[in-house]
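Everything below concerns the one structure shown next.
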Number of protein chains: 2
Amino acid sequence: MDEKDMKILDFLITDGRKPFTEIAKELKTSESSVRKRVKKMEEEGVIKGYSVMVDTPKMGYNVVAQTGFDTNPEDFLSVAQELCKFEEVKKVFTSTGDHMIMTEIWAKDGKELSEIIFNKIGKIKGIKKVCPAIILEQLK
Amino acid sequence: MDEKDMKILDFLITDGRKPFTEIAKELKTSESSVRKRVKKMEEEGVIKGYSVMVDTPKMGYNVVAQTGFDTNPEDFLSVAQELCKFEEVKKVFTSTGDHMIMTEIWAKDGKELSEIIFNKIGKIKGIKKVCPAIILEQLK
DNA sequence: TTTGAAAATTGGCCTAA
DNA sequence: TTAGGCCAATTTTCAAA
C-alpha cells in the first residue's frame, strides 16, 4: 500500500469498472503496472470485491432502515450471526455507541419492514430491543 | 425494472466487474441484451455507479465511525451539505431515529478521528451534538 | 439478434533496480 | 526479489445492420 496504490483505489472507488488502461493513462504509468497492483491488492484482501451502487427506491425498496439491536451480552454473537442469514439484512456491523449491533435492512415499504422485523428477525432468541432508523435521503 | 433486470443487478451487486458475456451465459440470453439493459438502468439512475469494496483497516483506516449529528431545525440542511464537503466523511444520510443526520467517517486512528470531529467538522455552524459509534467488525 | 472491428484483459517472459 | 515493461492470445465491449 503506497501512494500509487491509494490513487488506483481512489479511481476504482469512484468507478469500479474503469478499465486499467484508462487508470494507467491518468496516472501516467503502464497498464501492466496498474493490473499487477490491483491483483496484489485483491490477493492481500485490501480489495474485497466490486459492486454496483443501486438507487434503492428505483429498485422498489422504498424503505431502507439502519437498525440497531440490543442483546444480552451472552447472546450478542449468536444474534449477530443469525442476522447475517436474512436476505433482507444487507449489512451487519458490531459497533460501539448506542447499539452493539447495527444493520441495514431493505424493504419495499413500511409494512414489509415491519413484517421483517417482527415476524422474521423478531424470532431470533436473545434480542432485547430493536431500533430502526429509516434513511430519508442519501446526500453522499 | 423487471425480473431479468433484478437478476442482472444481483450478479452485479455480487461482482460489479463481472463481464456482461458471463452474466448473459448464466441468464441464458445474449450479451447485447444484458448490456442494453444495464445501459438503460444506468440512464434511469437505477444503477448509480460502480465501486470497489475495500478493507478499510488494510488501507490504513483503522477507525471507521458511524457518526450522528444533532442540529437546530433551521441549520439542519446547511450542516448536512457542509458535511458532504469533507473528504474524510464518506457517506451522509438524513434519517429518522436518534439523529437526523448520519455519516460515516474514515480515520487512520482515534487521534485523527478526534481531530476531524473537533477541529474540522466541529467548526460547522449549527451542530449541537456529535455522536460517533466506532465500527468494530463488519460481519456482512 | 447477429456480426465484426476496436478495446481491454490475461498470461508469460523479460529486464532492471 | 519485486516492480514494471513488452508481446501475443483471448475475451469483452460496442455500434451497426
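Throughout, protein chains are lettered first and strands after them, A, B, ... in sequence-line order, and every chain is numbered starting at 1.
Counting any heavy atom pair closer than 4.0 Å across all strands shown, K18(A) reaches no nucleic acid atom.
We find that CZ of R17(A) is positioned 8 Å from P of dC14(D), with the value rounded to whole Å. What separates CZ of R37(B) from P of dT1(C) is a distance of 10 Å, to the nearest Å. If you measure from atom CD of E31(A) to atom C1' of dG4(D), you get 11 Å, rounded to the nearest angstrom. Look at CZ on F20(B): it is 18 Å from P on dA7(C), rounded to the nearest Å. Regarding K36(B), its NZ atom lies at a distance of 13 Å from the P atom of dA17(D), rounded to whole Å. Rounding to whole angstrom units, CG of residue L27(A) and C1' of dA3(D) are separated by 15 Å. Note: CD (E22(A)) to C1' (dT12(D)) measures 14 Å, nearest angstrom. If you measure from atom NZ of K40(B) to atom P of dC14(D), you get 19 Å, rounded to the nearest angstrom.
For T21(A), a side-chain nitrogen or oxygen approaches OP1 or OP2 of dA8(C) to under 4.0 Å. Side-chain nitrogen and oxygen atoms of S30(A) include none within less than 4.0 Å of the OP1 or OP2 phosphate oxygen of dG4(D).
For R35(B) and dA15(D), a side-chain-to-base donor-acceptor distance below 3.5 Å is present, hydrogens and geometry of angles not being considered. Side-chain atoms of K39(A) and base atoms of dT10(C) include no donor and acceptor less than 3.5 Å apart.
Between the T29(A) side chain and the K25(A) main chain, no donor and acceptor come within less than 3.5 Å of each other. Under a 3.5 Å cut-off, the side chain of E44(A) and the backbone N or O of V46(A) do not form any donor-acceptor pair.
A cation-pi arrangement is not found for K120(B) relative to F86(B), the charged atom failing to lie both closer than 6.0 Å to the ring centre and inside a 45° cone about the ring normal.
Checking dT1(C), dG4(D), dA8(C) against every side-chain atom of S33(A), the shortest atom distance belongs to dG4(D).
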Evaluation steps, side-chain hydrogen bond (donor to acceptor under 3.5 Å, both in side chains), between T103(A) and K91(A) = CA-CA 5 Å; T103(A) 64; K91(A) 297 179 190 169; over 6 Å; no
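For the residue pair Y61(B)/E88(B), the side-chain donor-acceptor check at 3.5 Å is not satisfied.
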